[in-house]
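The structure under discussion appears below in the form of structure tokens.
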Amino acid sequence: MMDKIVSFKSIPEYFEKEKCGFKPYTYRYIDSYSDERFQILGEVLRAGHFLNYSHKYIIEITNSITGESFRRVITDVFKTGEHLIIAWRGNERD
């Protein structure tokens, strides 16, 4: 099975911290449950773990100004109210 990828944009100040691993997470408002990204992340929430998947869940973060991007394997997803916290391992190579 193919990896599942969710993409988000990030302002330059956060992008650099996220890319180098100083901030290995992002906090996102769930503005639409019909958004495919949140449907994919909902799968992760329902499963509750990452050990037995036949594919990886990947986050792609794009710098909102330069268009530069990186990808990381998602390690956890938390829901708090109408927000998700999406975490990944440090600064793995793209």
Next item on the list: Please assess Val6 against Tyr57 for the test side chain to side chain contact (heavy atoms under 4.5 Å, CB included), listing each intermediate value before the final yes or no.
Entry: CA-CA 8 Å; Val6 293; Tyr57 287 90; over 6 Å; no
Next item on the list: Under the side chain to side chain contact (heavy atoms under 4.5 Å, CB included) rule, what do Ile58 and Val73 come out as? Steps first, then yes or no, please.
Entry: CA-CA 5 Å; Ile58 306 288; Val73 175; 3.8 Å; yes
Margin query: Pair Ile86, Phe8 - check side chain to side chain contact (heavy atoms under 4.5 Å, CB included), show working.
Written below: CA-CA 11 Å; Ile86 307 154; Phe8 293 97; 3.8 Å; yes
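Considering CZ of Arg72 and CD1 of Ile59, their distance stands at 10.5 Å, rounded to 0.5 Å. Here the CZ atom belonging to Phe70 is positioned 5.5 Å from the CD atom belonging to Glu18, to the nearest 0.5 angstrom. Rounded to the nearest 0.5 Å, atoms CD1 (Ile85) and OG1 (Thr26) are 9.5 Å apart.
Using cut-offs of 30° and 60° for the angle between ring planes, the His83 and Tyr27 rings count as parallel.
Within a 6.0 Å radius of NZ in Lys79, other residues, nucleotides and ligands contribute more than 12 heavy atoms. Within 6.0 Å of the OH atom in Tyr25, the count of heavy atoms belonging to other residues, nucleotides or ligands does not exceed 12.
For the pair Thr62 (side chain) and Ser69 (backbone), a donor-acceptor distance under 3.5 Å is absent.
Checked against side chain to side chain contact (heavy atoms under 4.5 Å, CB included), Ile65 has the following partners two or more places apart in sequence or in another chain: Pro12, Asn63.
Within the structure, salt bridge (charged side-chain N to carboxylate O under 4.0 Å, His left out) pairs that include any residue of residues 58-67 comprise Glu60-Arg71 (at least two apart or interchain).
Residues Phe78 and Asp76 have side chains in contact (heavy-atom distance under 4.5 Å, counting atoms from C-beta outward).
Grouping the Ile, Leu, Val, Met, Phe, Trp and Tyr side chains by contacts below 4.5 angstrom, directly or via other members, places Ile74 apart from Tyr14.
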Run the side-chain donor-acceptor check on residues 35-42: report pairs under 3.5 Å with partners two or more places apart or on a different chain.
unit_1: Asp35; atom_1: OD1; unit_2: Arg37; atom_2: N; d: 2.8
unit_1: Asp35; atom_1: OD1; unit_2: Arg37; atom_2: NE; d: 3.2
unit_1: Asp35; atom_1: OD2; unit_2: Arg37; atom_2: NE; d: 3.2
unit_1: Asp35; atom_1: OD2; unit_2: Arg37; atom_2: NH2; d: 2.7
unit_1: Arg37; atom_1: NH1; unit_2: Ser7; atom_2: O; d: 3.0
unit_1: Gln39; atom_1: NE2; unit_2: Ser34; atom_2: O; d: 3.3

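The two residues Tyr33 and Glu82 have their closest heavy-atom pair at OH-OE1, 3.1 Å.
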